[in-house]
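Hydrogens, waters and symmetry mates are skipped; everything else that's a heavy atom, side chains included, is used.
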Amino acid sequence: MSAQAVDVDNVVMQFGGLRAVDGVSLRVGVGERRVLLGPNGAGKTTLFNMIGGQLQPTSGAVRLFGQDVSRQNPYRRAHDGLARTFQITSLFPDMTVGENLHLAVRALSASRFGMIRPASQYPRIAERVADVLAEWRFPAGADTLVSNLSYGDQRKLELAMAVANRPRILLLDEPTSGLSATETESVVGLIKGLPEDVTVIVVEHDMDVAFAVADLFTILHNGRLVTTGTAAEVQANEDIQRIYFGEGE
Ligand SMILES: Nc1ncnc2c1ncn2[C@@H]1O[C@H](COP(=O)(O)OP(=O)(O)OP(=O)(O)O)[C@@H](O)[C@H]1O
């Protein structure tokens, strides 16, 4: 009974004439922390979208805890314990911190219990929201409008919303992009503080962040998986240095 948390089996994503992901296989064990690395356009977000259900692979399969979910929609996968954050902020700016959290918790509760729910079930949602607020501490307070939060606190709120339903698998797409050094440090601390049994896959460009949050690194390039290795292996591999570190900066 050693099903992987995430088992991506030879997936292909074809966009017209472009093969954005080209036969990638990836296995991530329960409780593992994995970072996906690769230059812009490597296919990292497309791969995330196939794991999360925003895209269905052209071919190949995605299994979560041994179950083939390739044709399941994102809501079904969320219900089964998968949560994710996006590169671009996905909060409701005109609502408060507490209201955003409430919606995140309620969305999944609704799919669990049906859309029409007796009012008596709402206190359970409110309790969970209160717990998350206490745990994650938003100094500006639960009643602050999201549009008045710093960018760093907005990213933190997204993370809190993703974690609020106690996911078993968490996909984080560039969680520190656009953050200051202090904010980045804080998000790294939050990721490292997640419960040990939560499987976390992170797309990250910042190598310091990558090395801080994971033990294993998978490198993608031109839609293909180049290799998976430890920090030392990644740093010592000349192909990876050329592909990844040779670009940008
Ligand atoms: N919906 C789409 N339709 C057509 N092409 C797409 C679509 N989504 C992504 N692509 C293309 O697929 C390729 C891989 O994109 P993807 O966003 O997965 O890369 P990435 O590694 O996440 O890059 P970045 O680090 O810039 O976010 C790119 O060439 C991109 O332009």
Worksheet entry | Atom pair CG (Leu179) and CD (Glu174), whose distance is rounded to the nearest 0.5 Å | 11.0 Å

Worksheet item: Where the side chain of Glu204 meets the backbone of Asp206, is there a donor-acceptor pair that is under 3.5 Å apart?
Response: yes

Worksheet item: Got a donor-acceptor contact below 3.5 angstrom from the Ser25 side chain to the Asn10 backbone?
Response: yes

Worksheet entry | Leu220-Leu216 co-clustered via ILVMFWY side chain contacts under 4.5 Å | no

Worksheet item: Which residues pass the side chain to side chain contact (heavy atoms under 4.5 Å, CB included) test with Ala142, sequence neighbours left out?
Response: Leu133

Item to complete: Tell me, please, which residues at least two apart from Asp215 pass side chain to side chain contact (heavy atoms under 4.5 Å, CB included).
Response: none

Worksheet item: Is a side-chain N or O of Arg33 found less than 3.5 angstrom from the main chain of Val198, in a donor-acceptor match?
Response: yes

Worksheet item: For Glu185, does the CD atom sit with more than 12 other heavy atoms under 6.0 Å from it, leaving out its own atoms?
Response: no

Discussion item. Check whether Glu135 reaches the backbone of Val132 with its side chain - one donor and one acceptor, N or O, closer than 3.5 Å.
Written reply: no

Practice prompt. Could you tell me whether Arg168 sits above the aromatic face of Phe65, with NZ or CZ closer than 6.0 angstrom to the six-membered ring centre and within 45 degrees of the axis?
Written response: yes

Worksheet item: Hydrophobic cluster mates of Met95, side-chain heavy atoms under 4.5 angstrom, ILVMFWY only, any path?
Response: Phe92, Leu103

Fill in: Sidechain N-carboxylate O distance under 4.0 Å for Arg77, Asp80
no

